[in-house]
Structures are given as structure tokens and as C-alpha cells.
Amino acid sequence: MLNKETTIELKKELLVDVYENMIYAISVTDARNKIQLINPAFTELTGYSEDDVIGKNPSILSSGIHEKHFYKEMWRSLNKKGFWRGEIWNKRKDGELFLEEITIKAIKNNNGKIKNYVSIFIDITERKKLEEKLKFQAYHDDLTKLPNRKYFYYELNQVIQRTDGKDKLCAVIFLDLDHFKDINDTLGHSVGDELLIAAANRLRERLQNKGVVTRYGGDEFAIILYNLQNKFECISIMNRIMDSFSKPFTLHGFELFITTSVGISLYPNDGDDGDTLIKYADSAMYHAKQEGKNTYKFFQKSYMKKSIERLILASDLRKAIENDELLLYYQPKFSCKTEKVNGFEALIRWDHPKHGMISPNCFIPLAEETGMIVHIDQWVLYQACLQLKEWQAQGLKPVKIAVNLSMLQFQQKNFLNIVRSILKETGIAPSYLEIELTERVIMDDPEIALKNIKRLKSIGVQISMDDFGVHYSSLSYLKLLPLDRLKIDRSFLQDMLANKDDQTIVKAMIQLAHNLEMTVVAEGVETIEQYNFLKSNHCDEVQGFYFDKPLPATNIIKYIS
């Protein structure tokens with residue numbers, strides 16, 4: 001067994017080894033805070049040797065970053081508690097700054113008086129940088145470098161707590177870029193990304209110090225305005241934002257004009273919690289889009305009523321098929337040469353049990369938003385073919401039926417199989433079916449459209465482009481698409497007789513279609529004068545109220561008996 005003296009010597013040797021090899025820097029000062037001792041890690045970390053620091057104040061390391069009150073608080077804690085732990089920016093001998101994590105302990109003698117201070121510290125500069133980087137990544141969008149949705153929720157709650165509703169207001173703003181998908185689809189995602197970055201920068205510039213802009217997701221930005229004196233101050237800022245988006249973005253040699261739809265809710269006027277304000281701002285933005293985009297709307301209570309009605313309508317629509325509330329009407333298409341019926345366009349109607357007939361303009365956009373349009377399209381396709389088979393079974397004159405299909409349906413991977421299955425089940429020859437695709441459906445992805453159109457044509461189904469001239473057709477793709485018919489949109493017919501430009505456009509469309517060996521159909525013909533103009537300019541087929549409105553199946557028999 002070791003005696004006491006030997007044990008003490010072993011402890012001293014062990015302490016020296018620990019002191020010499022410890023990775024933490026150590027300095028010991030006297031009661032006057034003059035350095036008496038340092039370990040090798042101190043020299044390695046700071047660059048100062050014993051000769052440099054012995055007898056000097058640790059302030060030799062001072063970075064000059066911290067103010068006097070910082071050190072006063074540190075010494076107050078040391079004198080009161082006997083220790084202090086924290087982070088300090090210091091400076092190495094070569095002038096390089098570093099952040100240290102330090103613990104200072106006061107050592108007292110038997111009389112309770114401080115005789116030494118022991119400081120143990122380590123360089124945490126790189127660790128802190130990593131922590132800050134991870135924190136930034138957690139709360140910021142990687143593309144635009146704006147704060148992200150997570151930060152938005154956190155900051156909104158903080159702003160609400162700080163805002164005095166009697167004297168100040170804060171605003172929650174949802175801003176969405178209109179038709180952003182068109183940019184991605186036509187110019188590519190890289191241009192779309194650069195547009196988002198440019199839009200983020202413009203928003204930052206316009207807000208200045210009145211709020212924070214975040215990227216909420218996709219092409220949607222969420223903004224918090226704080227310390228607003230009144231609603232008019234919010235309007236002033238919004239006008240600056242809208243004005244900034246009236247100027248083009250120049251990216252990759254393209255001048256892009258992009259508009260925004262904006263919804264705004266105010267605290268405490270519209271709600272007293274973040275979730276409510278977000279919901280109301282989103283509702284207001286939806287109504288801004290519904291009213292034509294490129295505008296901003298403040299939340300109104302009537303919006304929530306409309307939103308609730310919309311949710312109820314969506315719920316009812318899900319049940320409409322199984323409850324046999326949907327039905328098809330048929331509008332005849334007439335030949336300009338024979339003035340006889342060439343076929344019909346199937347048009348969906350919804351006979352709601354409480355609200356009666358609901359316009360397709362009300363429920364089709366809702367069906368597209370919710371994805372229900374895929375099931376509705378299949379129902380329409382099946383019912384139209386079934387009706388055609390029934391007419392044929394009655395010995396009536398065989399005619400073609402045109403069915404409109406949505407983008408979602410047309411892009412289904414098993415789309416061709418669905419068409420084949422319906423034709424087989426109903427016993428209809430493919431030549432009696434015509435599928436109408438809007439210009440936008442086709443041009444959303446022309447390459448996929450070309451493949452699917454060729455597949456449909458291969459089994460004998462005819463294809464027509466509806467609403468031609470309304471969106472952004474590419475003539476280079478148009479000549480490649482094996483279309484059977486081109487339908488001139490009704491918007492070109494409304495002022496055609498009084499507007500020479502519209503007349504020129506209609507004539508050009510007819511000639512273009514004929515040169516591409518397509519049949520031309522004009523829809524929305526409402527007067528004899530319109531019909532005569534179209535006929536004299538060699539339009540092939542017409543449909544519209546001048547001839548007949550869409551009719552139930554029972555009223556169609558007069559045209560095919």
C-alpha cells in the first residue's frame with residue numbers, strides 16, 4: 001500500500017500530465033487578474049507563449065467586439081457566484097479572431113478570499129459556423145435565401161405578441177405568381193428558378209424595413225408587415241409591390257412579364273391568431289385569382305362564406321356521379337355545305353338536388369383543382385359512347401360524338417387503355433368518337449400530346465383542337481400534330497362582323513387549317529350574319545345558338561331520325 005507522500009507525488013505527476021496534454025486551453029491568474037500560468041494548449045490556440053503573457057492581464061486577447069457592459073456582467077457573476085460560463089470573441093497573436101467557449105472559476109483561500117481565477121476554454125469558431133449554417137438551412141429557402149415557411153410561422157407569432165392592436169396593425173400577405181407554370185413548361189425550370197430569385201429580390205427591396213418576406217412554397221410568397229399605422233399604409237406598400245411587378249424581368253435574353261395575385265388579412269381586425277390570419281389571407285388570394293389575377297384583395301367575411309360554399313360544392317360533386325346527378329346534353333354541329341347535322345358535342349350538366357342546374361363554369365374548374373375531373377371525364381366518355389350505341393340500336397342515323405377531355409385525363413399513363421376499354425364495353429366503332437382537346441392541353445407538353453394523339457389515331461379515334469387561338473399555340477408543333485379538326489374559339493366571332501382584325505384572324509385560321517388538311521369548326525355562332533360570313537369564307541362546320549342550344553338526348557332524335 002502506498003504511503004501518503006507517494007500518493008501525493010503520483011497525483012502531482014498525473015495532474016502535470018493532464019495539464020500538459022489537455023486539449024482545452026488553461027490560464028491561471030492571481031487575485032489581481034494577472035496571468036501566472038498557461039498550458040501548451042493555450043499557446044497552440046492563441047499563439048502567445050509564456051513569455052508573452054505571464055504577468056499580463058487576459059485582456060491582451062480582447063477582440064474589441066464586446067462592449068463594457070458585457071464584461072461588467074461577467075465579473076458580477078464571478079464575484080457573486082464564483083464562476084462564469086459563456087462565449088467570448090477573442091483575438092490570437094496574429095490578429096485572427098476566434099470564438100471561445102470559456103468557463104472561469106474563482107479559487108478561494110481558507111479565509112474565503114479569492115486568490116486565483118482559473119479559465120478553461122476551447123475554440124468553437126468552426127462549430128459555431130456549422131451551427132449557424134444548419135440553423136440558416138432550417139429556417140431559410142435554399143433557392144431564394146429567403147426565410148422559409150417554418151420561419152414565417154415562428155415570426156408571425158412573435159409579431160402578433162409584440163403588436164399593440166389599439167395603436168398598431170400587422171398584415172399577413174399571401175402573394176402568388178400568376179401563370180408561373182407556363183414559364184417552367186415553356187422556358188424550363190432553370191429560368192423559373194431565376195425568376196423566383198429575381199421576384200424575391202424585388203419583394204425585399206420594396207418592403208425595406210417594414211416587414212419580412214418568406215418563400216412559403218412553390219411560387220407563393222408569404223409576407224408579414226408590422227408596425228402599421230393603419231390600413232392605408234398597407235395599401236401604399238402593396239401598390240409599391242404591384243408596381244414593381246409591372247416591370248419586366250430580363251432573364252437569359254427573355255423579357256418576362258409576370259403578374260401577381262395577392263391576399264391580405266390584418267391583425268387584429270380579421271383575427272387574433274396566426275392560423276386564422278393565414279387562412280383568411282389565403283382565402284383573399286384565391287378570390288384575387290378568381291377575379292382575373294394581377295390584383296390584391298383584403299379579406300372580407302363574405303370570402304369565407306364563399307369558401308365554405310365551395311367546400312360543400314366539392315363534397316357534393318364527389319357524390320354526384322354515384323347519385324346520378326350528372327347528365328349529358330348534346331349540341332349539334334352543322335355542315336356549311338349541306339346544312340345538315342354532322343355530329344354532336346357532348347356537354348356535361350349537373351342537376352343538383354338542392355340548387356338545380358349548375359353551370360359547368362362553376363364545377364369544372366373545381367373538379368380540375370380537386371382532381372375529380374379524371375373520374376368525370378371517364379364518366380362523360382362512357383356515357384357518350386353508351387348513348388351513341390343506344391341510338392344505333394334504335395336504327396337512327398349514325399353520327400359522331402365529340403367529347404372534351406381535361407389535361408389531367410389526357411396525361412394519364414393508361415389513357416389509351418381507358419379509351420379502348422370504353423369502346424369495347426359499349427361496342428362503339430372508334431371512327432364515331434371524336435376527342436376534343438383544348439389548345440392549352442395540347443401545348444402544355446406537345447411531345448406527350450403528339451404521342452397520345454398518334455396512339456388514338458392509330459385505333460381510329462378522331463382528334464380536334466378546341467379553343468384555337470386563345471392560348472399560345474406553336475405553329476411548329478401544330479404542323480406535326482395529326483389533328484382532324486380545328487375549332488375556332490367563340491371569342492373571335494363575338495365582334496367579328498364589326499372588327500376587321502377579327503375577320504382577318506378568322507380567315508387566316510380557316511386557311512391555315514385547310515392547308516394542314518384539317519376540317520374547320522366555328523363554335524358560338526349566334527346570328528345569320530356570322531354564319532354567312534363563315535360559310536362564304538369556306539368554314540366547314542358550325543355550332544351555336546343560332547342553330548340550336550345543347551339539348552337532352554331525347555330532343556336530339558329529330559336530327560338523326
Side-chain angles (χ1 to χ4, degrees), residues 18-19 21-27 38-48 58-78 80-106 117-162 193 196-197 200-201 203-204 207-209 211-218 220-224 226 274 278:
V18 171
Y19 178 78
N21 293 284
M22 195 173 192
I23 63 171
Y24 283 83
I26 300 175
S27 69
I38 63 171
N39 70 340
F42 182 99
T43 299
E44 184 179 349
L45 173 56
T46 68
Y48 287 101
S59 62
I60 191 175
L61 301 175
S62 177
S63 65
I65 291 177
H66 302 288
E67 297 180 0
K68 288 183 179 180
H69 72 82
F70 174 84
Y71 295 104
K72 283 183 178 180
E73 285 297 313
M74 181 186 78
W75 282 107
R76 188 185 66 80
S77 178
L78 267 172
K80 185 177 180 180
K81 301 177 182 178
F83 75 93
W84 182 83
R85 181 180 293 115
E87 296 176 359
I88 298 179
W89 280 100
N90 272 334
K91 184 165 59 177
R92 307 185 209 276
K93 186 177 180 179
D94 62 6
E96 181 186 5
L97 297 178
F98 69 98
L99 182 66
E100 65 182 31
E101 185 178 74
I102 185 171
T103 300
I104 306 173
K105 173 71 175 176
Y117 296 98
V118 178
S119 301
I120 302 175
F121 57 96
I122 191 170
D123 184 355
I124 61 167
T125 310
E126 292 304 317
R127 189 183 82 189
K128 202 69 176 179
K129 285 180 181 177
L130 179 59
E131 288 175 358
E132 291 297 324
K133 182 180 179 181
L134 292 174
K135 184 178 179 181
F136 184 89
Q137 290 175 341
Y139 284 98
H140 288 76
D141 171 53
D142 189 51
L143 176 66
T144 63
K145 308 307 178 189
L146 289 176
N148 59 16
R149 183 186 301 201
K150 187 176 180 180
Y151 180 88
F152 168 77
Y153 283 115
Y154 169 79
E155 181 66 12
L156 178 58
N157 289 327
Q158 296 298 308
V159 170
I160 288 173
Q161 290 176 21
R162 296 194 303 265
D193 286 347
L196 288 171
I197 294 169
N201 291 335
L203 290 172
R204 262 190 297 239
L207 286 188
Q208 297 173 354
N209 62 345
V212 58
V213 55
T214 68
R215 186 182 179 196
Y216 197 75
E220 191 170 87
F221 297 89
I223 300 169
I224 305 169
Y226 40 71
I278 290 168

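Considering only heavy atoms from C-beta on, Tyr117 stays 4.5 Å or farther from Pro58 through its side chain. Counting heavy atoms from C-beta outward, Ile26 and Ile120 have side chains that approach closer than 4.5 Å. Leu207 is not listed as a side-chain neighbour of Val212, based on a closest heavy-atom distance of 4.5 Å or more. For the pair Phe42 and Leu61, the minimum side-chain heavy-atom distance is below 4.5 Å.
Here the straight-line distance linking atom CD of Glu44 with atom CD1 of Ile38 works out to 12.0 Å at 0.5 Å rounding. For the atom pair CG (Asn90) and CG (Leu99), the distance works out to 9.0 Å, reported to the nearest 0.5 Å. With values rounded to the nearest 0.5 angstrom, Asn148 atom CG is found 12.5 Å from Leu143 atom CG. The CD1 atom of Ile224 sits 10.0 Å away from the CD atom of Gln158 when rounded to the nearest 0.5 Å. Within the model, atoms CD1 of Ile124 and CD of Glu100 stand 8.5 Å from one another, a figure rounded to the nearest 0.5 Å. Between the OG atom in Ser59 and the OH atom in Tyr71 there is a gap of 8.5 Å [rounded to 0.5 Å].
Ser63 and Leu97 make their closest contact through CB-CD2, 3.6 Å (heavy atoms, listed as atom of the first residue, atom of the second, distance). Scanning all heavy atoms of the two residues, the minimum distance from Pro147 to Val213 falls at CD-O, 3.4 Å. The minimum heavy-atom distance linking Met22 with Ala41 is given by the pair O-CB, 3.3 Å.
Here Lys93 pairs with Asp52 under the salt bridge (Lys or Arg N to Asp or Glu O under 4.0 Å) rule; sequence neighbours left out. With sequence neighbours excluded, no residue forms a ring pair (Phe, Tyr, Trp, His ring centres under 6.0 Å) with Phe221. Listed by chain and residue number, Arg162 satisfy the salt bridge (Lys or Arg N to Asp or Glu O under 4.0 Å) test with Glu155 (two or more places apart in sequence, or in another chain). Under the salt bridge (Lys or Arg N to Asp or Glu O under 4.0 Å) criterion, Glu101 pairs with Arg127, not counting sequence neighbours. For Thr43, there are no side-chain hydrogen bond (donor to acceptor under 3.5 Å, both in side chains) partners at least two apart in sequence or on another chain. Checked against side chain to side chain contact (heavy atoms under 4.5 Å, CB included), Asp123 has the following partners two or more places apart in sequence or in another chain: Leu45, Arg92, Phe98, Thr125. Not counting sequence neighbours, the partners of Arg149 by the side chain to side chain contact (heavy atoms under 4.5 Å, CB included) test are Tyr153, Tyr216. Applying the side-chain hydrogen bond (donor to acceptor under 3.5 Å, both in side chains) rule to Thr144 yields the partners Asp141; only residues at least two apart in sequence or on another chain are considered. Legend: residues meeting side chain to side chain contact (heavy atoms under 4.5 Å, CB included) with Phe70, ordered by chain and number and at least two apart, are His66, Trp84, Ile88. Take Phe136 and apply the ring pair (Phe, Tyr, Trp, His ring centres under 6.0 Å) test, not counting sequence neighbours, and it matches His140. For Asn201, the side chain to side chain contact (heavy atoms under 4.5 Å, CB included) partners are Ile197, Arg204, not counting sequence neighbours. Evaluation of the salt bridge (Lys or Arg N to Asp or Glu O under 4.0 Å) rule for Glu126 yields Lys129 as partners, not counting sequence neighbours.
Distance alone, capped at 3.5 Å, is enough to place a donor-acceptor pair between the Asn39 side chain and the Tyr24 backbone. Put simply, the side chain of Ser77 gets close to the backbone of Phe83: a donor and an acceptor are under 3.5 Å apart. Checking side-chain atoms of Asp142 against main-chain N and O of Gln137 turns up no donor-acceptor pair under 3.5 Å.
A salt bridge between Glu73 and Arg76 is present, with a side-chain N of the basic residue lying under 4.0 Å from a carboxylate O of the acidic one.
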